[in-house]
Amino acid sequence: MSQWQKWLKPPIGKLLVRLHRWNAIIILLLAISGIVLSIGTIRGDLGVGRVWLKQIHIWAGVLSTVLLVLYLPNIRRHLKQIRNKPNQRINLAIVLFLLAGWILSGIILWQLRHFSPRWNTAALAVHDIFTWVGIPYAIYHSITRMQWLKTPSRRSVKIEGAVQIAGSPKMEIIRPAITGKPFYTRREFIRWTVGIGAIAIVGPLFLRWLNTNLLQSGSSIDSLTKADGNHMLPAPEPLADSVSVIGGGSQGNFRIYTVTEIPSFSSDNWTFTIKGLVDNPINLNWEQFLQVKRKVQVSDFHCVTGWSVYKNTWEGIPLSALLKMAGVQDKAKFVKFYSGDGVYTDSLTMEQSMADDIMVAVLHDGKPIPQDLGGPVRLVVPKMFTYKSVKWLQGIELIQQEHIGYWEARGYDQDAWV
Ligand SMILES: Nc1nc2c(c(=O)[nH]1)N[C@H]1C(S)=C(S)[C@@H](COP(=O)(O)O)O[C@H]1N2
Ligand SMILES: [Mo]
């Protein structure tokens with residue numbers, strides 16, 4: 001066998017060690033990139049790095065799939081090797097189960113346009129839950145398997161009943177050799193400590209996450225409404241359809257995204273502007289804005305990262321009505337949207353902007369949109385991924401040249417149709 005062949009076809013033991021090491025490195029890379037990606041509040045700091053990080057995460061996932069594929073043909077021999085080691089068998093089962101869940105849900109999220117929003121939402125939930133369980137498990141596994149933990153505990157069994165020999169530095173009596181079996185070995189002790197410690201730390205965080213992201217929907221918006229930092233007076237009077245929440249109440253949970261600090265607004269200085277290639281530029285204060293006729297619609301909300309919120313009852317001004325008020329000139333080819341955060345923008349073509357379900361929304365399920373969800377006023381573009389749905393909308397400009405939006409400039413697809 002040449003060196004090359006030897007490298008490609010190592011003895012099973014060596015192969016498993018090698019796969020194990022690579023798997024550990026890649027899981028670490030996936031954990032770090034995935035956790036950073038999932039933190040909504042640092043999106044702005046990451047900028048274009050977010051899109052890069054997502055690509056790294058995806059390709060690390062592909063690599064981890066390749067490792068699994070290289071491993072699987074050897075599984076029978078591996079099982080034979082560990083047939084008398086129940087802990088290792090349990091560990092193997094857990095690891096394979098975790099990898100399968102991460103890989104399958106990851107593929108759906110990666111190719112989300114080929115799956116329905118329901119599949120995407122389910123895949124994201126699986127991906128997240130597996131991470132909440134799997135990463136603490138991986139940490140537990142790596143701590144409890146560390147070599148320095150292994151050696152003394154093994155030794156302690158061997159020297160049971162022995163007397164320490166003076167001048168033998170490596171000998172160490174872990175517990176006095178009184179009689180019979182110890183209650184636990186040092187290794188078991190550490191395993192339990194690490195395990196219980198991990199559950200004590202991660203458990204409450206996980207439950208909180210579960211509660212805000214998967215379980216309650218209406219009530220989490222209620223708490224956002226209570227904590228709302230906007231001061232918009234008077235409060236908008238909901239229409240009858242909003243009061244009765246004709247959509248029955250939204251289903252699912254918004255993840256709060258922003259690329260800046262979350263801004264807050266007051267009716268004292270809030271304005272809404274339409275400018276650019278229009279015959280009647282518009283500049284409304286809050287009270288005037290509330291005079292404009294509103295409508296109610298029910299629509300779904302799909303983020304390109306995989307989560308959705310269904311059956312939102314939005315009340316607001318149809319974009320087409322506002323554009324009509326402003327008198328769009330023929331020269332105008334694109335509609336540009338400005339967020340009051342001073343950073344986020346996006347745009348639609350003139351033709352796209354005519355869709356009658358695009359709304360400049362003021363109420364969600366009969367209540368003012370809270371600050372965290374883009375209130376007092378946000379854009380809603382139901383048929384497109386919601387990076388188009390600009391939060392804290394304060395300005396619209398009619399322009400001739402195409403404008404590339406915040407996320408599109410950082411790598412999101414120009415084509416945002418769901
Ligand atoms: N001003 C502003 N608008 C924004 C964003 C943002 O970061 N800033 N994120 C967009 C993205 S990617 C999504 S999915 C939705 C999320 O809305 P939510 O934070 O209300 O859930 O807002 C969109 N509009
Ligand atoms: Mo998004």
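Each ligand, and each atom within it, is numbered from 1 in the order the structure gives. Throughout, numbering of the chain's residues begins at 1 and tracks the sequence.
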Contact between K388 and ligand 1, counting heavy atoms under 4.0 Å? no
Backbone, side chain, both or neither: what part of L373 comes under 4.0 angstrom of ligand 1, heavy atoms only? both
Checking contacts here: is it the side chain or the backbone of W307 that comes within 4.0 Å of ligand 1, counting heavy atoms only? Could be both or neither. side chain
Carefully, step by step, assess K388 and I358 under the rule side-chain contact (heavy atoms from CB on, under 4.5 Å). CA-CA 10 Å; K388 291 284 180 191; I358 301 177; over 6 Å; no
Residue, atom and distance of the protein heavy atom nearest atom 1 (N) of ligand 1 read D341 OD2, 3.0 Å
Please say whether Y387 places an N or O atom under 3.5 Å from an N or O atom belonging to ligand 1. no
Nearest-contact summary for atom 19 (O) of ligand 1 - protein heavy atom, Å: K391 NZ, 2.5 Å
Side chain, backbone, both or neither: which part of F385 comes within less than 4.0 Å of ligand 1 when only heavy atoms are counted? neither
Using a 3.5 Å cut-off on N or O atoms only, is Y257 in polar contact with ligand 1? yes
Could you find the nearest protein heavy atom to atom 23 (C) of ligand 1 and give me its residue, atom name and distance? T386 O, 3.1 Å
For atom 24 (N) of ligand 1, which of the options G405, P263, A416, S389 provides the nearest non-hydrogen atom? S389
Has the side chain of S339 got a donor or acceptor atom that lies under 3.5 Å from a matching backbone atom of K391? yes
Any N/O pair R255/ligand 1 closer than 3.5 Å: yes
Step by step, would you call L29 with I25 a side-chain contact (heavy atoms from CB on, under 4.5 Å)? CA-CA 6 Å; L29 182 63; I25 294 171; 5.6 Å; no
Are any of the side-chain nitrogens in D228 or K367 under 4.0 Å away from the carboxylate oxygens of its partner? no
For atom 22 (O) of ligand 1, closest protein heavy-atom neighbour: R378 NH2, 3.2 Å
Would you verify whether the NZ or CZ of R50 falls within 45 degrees of the ring axis of Y412 while also being under 6.0 Å from that six-membered ring's centre? no
For atom 9 (N) of ligand 1, which of F337, F254, F301, Y344 has the closest heavy atom? Y344
Polar contact flag for Y412 and ligand 1 (N/O pairs, less than 3.5 Å): no
Going by salt bridge (Lys or Arg N to Asp or Glu O under 4.0 Å), name the pairs with one or both residues in residues 283-301, residues two or more places apart or in two chains. R294-E315
